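Here's the structure, in structure tokens; my notes come after.
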2 protein chains.
Amino acid sequence: MKYRYFIVDDHFMVVEGIRALLQSENSLEFMGSARNAAFCMAELLSKRPDIILMDINLPDKSGFELCKEVKLKYPGTKVIGLSTFNQQSFVKKMLESGADGYILKSADKKEILKAIEMVMRGQIYLDADVSGLLRHPEDREIILTKREKEILVLIAEGLTNSEIADRLFLGSSTVDTHRKHLLLKIGARNSAEMIKIAFQKNLLLLDS
Amino acid sequence: MKYRYFIVDDHFMVVEGIRALLQSENSLEFMGSARNAAFCMAELLSKRPDIILMDINLPDKSGFELCKEVKLKYPGTKVIGLSTFNQQSFVKKMLESGADGYILKSADKKEILKAIEMVMRGQIYLDADVSGLLRHPEDREIILTKREKEILVLIAEGLTNSEIADRLFLGSSTVDTHRKHLLLKIGARNSAEMIKIAFQKNLLLLDS
DNA sequence: ATCTTTATCCCGTAAAAAGGGTATTTTAAT
DNA sequence: ATTAAAATACCCTTTTTACGGGATAAAGAT
């Protein structure tokens, strides 16, 4: 049985790296690659890979969204997430989006092959460095409401409660309450730490 | 003339990608790779590449430091920085550290070859997406003193002035002064915004 | 229909930060 | 040797946050 694989990553070097590593395997067939989510979906109309290696950071869309989309339209297709070490917090989200495995870009050939093999057998493959994270439920996901997220970014912008209140047509005491809830949920002692944790847990994104 | 090149990157896939892309070029010879700064310096004792492709994010040391070290011990060796798009703020630092060029990991074969060629001719090569940044001097670099950096991370940890003072054996008014200078230098209206900008300008790192 | 969450608002006190100064000692640079 | 920059420390005032409590209406979920 020959597995057909497809790669989604905006880093050309990574695409070529995986391809180079796997080209000697005659149980695997390279189907092509895409550098963003839109191009990926377009390619999948004609190409039908058994497995997709997918970066979680894409220029047009997050890996989660693309993964969900793929799984919805092509439920049989397996998806393995791909990322760098400092984005570990995305693992859980990726798995929740339906991914079948997760490896780091520092993975060697052996690990990639193992991951593909396990995933094609219907199992879940997680990188050793990453799987430990899932065993620590103490840092459980922080769920913010729409309003709280909105206020969080304004706090990060340096606005005071009353400025935020004006901006959102609220009473400043309302903003104060939301701020309290944010501190509580995020587990920070003050706004500075809150912003730091927000970045670490990807509640705030660097490139926005 | 055959150029010997060396790769420093902790992402195995990137190393293999570059290698695969360049192996058909008989004007280039692959000398090996290292996954961190220490291993790189060790390898350079025996191997003498003409050019090093170097990731700016290494597990043990930042690319700047490694670049400086390399340039100090082996002044003739050319260095091309390598990074992803969202780390553009590092470009200037990398060049100041003596790098001869800078490309993104999304670069294709043509661009890598062009970069190597130009750099070996003694010129500086900058990726088109990146070079624009250097023409915007309006967001000039923020230079913090050692003490200020130290206090910045403690503020991000959520400590108050007096807690920081205790930790560093200072008066709390001293910490207050440093905090004022930080706000001024970083250009923030309060601590929350300061931490946000600090992350955006890489004064604070996510994975520490 | 009932319960829960979300979003809204208010009061009060205490703690901390923001902002305005000034000033001395140490260190680094020229 | 002189100068400049960094690190240290203090005072004052105002603003903002932090933290305690309680309360109500609307929207969603079960």
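Note that the structure is a prediction, hence the values are computed from the model and not measured. Within every chain, numbering begins at 1; the chains are lettered A, B, ... in the order of the sequence lines, protein sequences first and strands thereafter.
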Per nearest nucleotide of DNA chain D, the residue lying toward the 5' end, B:Ile143 or B:Gly171, is B:Ile143

DNA chain D nearest-nucleotide lookup for B:Glu148 and B:Ser172: closer to the 5′ end is B:Glu148

Would you indicate what [X] reaches in the nucleic acid, counting non-hydrogen atoms under 4.0 angstrom: base, sugar-phosphate, or nothing?
X        : value
B:His178 : base
B:Thr174 : base
B:Lys180 : base

Item checked: A:Lys114/A:Asp127 salt bridge by N-O under 4.0 Å criterion -> no

- [ ] Return yes when atom CZ of A:Arg48 has more than 12 non-hydrogen atoms of other residues, nucleotides or ligands closer than 6.0 Å, and no otherwise.
- [x] yes

Practice item. Can you figure out which of D:dC19, C:dA18, D:dA7 approaches the side chain of A:Asp176 most closely? Key: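 That would be D:dC19.
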
Side-chain atoms of B:Arg179 come closest, of D:dT8, C:dA18, C:dT6, to C:dA18

Indicate every side-chain donor-acceptor pair of residues 170-178 of chain A with a distance under 3.5 Å to a residue at least two apart or in another chain.
| from | atom 1 | to | atom 2 | distance (Å) |
| --- | --- | --- | --- | --- |
| A:Thr177 | OG1 | A:Ser173 | O | 3.0 |

**Request:** Please confirm whether any donor atom in the side chain of A:Thr177 sits under 3.5 Å from an acceptor in the base of C:dC9, or the reverse.
**Result:**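 Side chain to base: pair present.
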
Item checked: Rounded to 10 degrees, the angle between the two terminal axes of the helix from C:dA1-D:dT30 to C:dT30-D:dA1, each from five pairs ->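 Roughly 70° between the end axes, to the nearest 10°.
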
According to a strict under-4.0 Å criterion, is A:Arg189 in side-chain N/O contact with OP1 or OP2 of D:dA18?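 Negative; the distance criterion is not met.
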
Q | A:Lys78 side-chain N/O to A:Gly101 backbone N/O, donor-acceptor pair under 3.5 Å | A |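 Absent.
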
Before we go on, tell me: are the rings of B:Phe30 and B:Tyr5 under 6.0 Å apart, centre to centre?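 So the answer is yes for these two rings.
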
Close residues, residues 160-170 of chain B, relative to DNA chain C [heavy-atom separation under 4.0 Å] |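 Only B:Thr160, B:Asn161 qualify.
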
* Asked: Atom CG in B:Asn36, atom CG in B:Asp9: separation rounded to 0.5 Å?
  ->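 Atom-to-atom, B:Asn36:CG and B:Asp9:CG are 11.0 Å apart.
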
- Query: side chain to side chain donor-acceptor pair (under 3.5 Å) between B:Ser33 and B:Arg19: does it pass, once the steps are laid out?
  - Reply: CA-CA 10 Å; B:Ser33 67; B:Arg19 208 177 143 182; over 6 Å; no

Practice item. Output, in order, the C-alpha distance, side-chain angles, deciding distance and verdict of side chain to side chain donor-acceptor pair (under 3.5 Å) for B:Glu111 and B:Tyr125. Key: CA-CA 10 Å; B:Glu111 191 179 353; B:Tyr125 180 87; 3.1 Å; yes

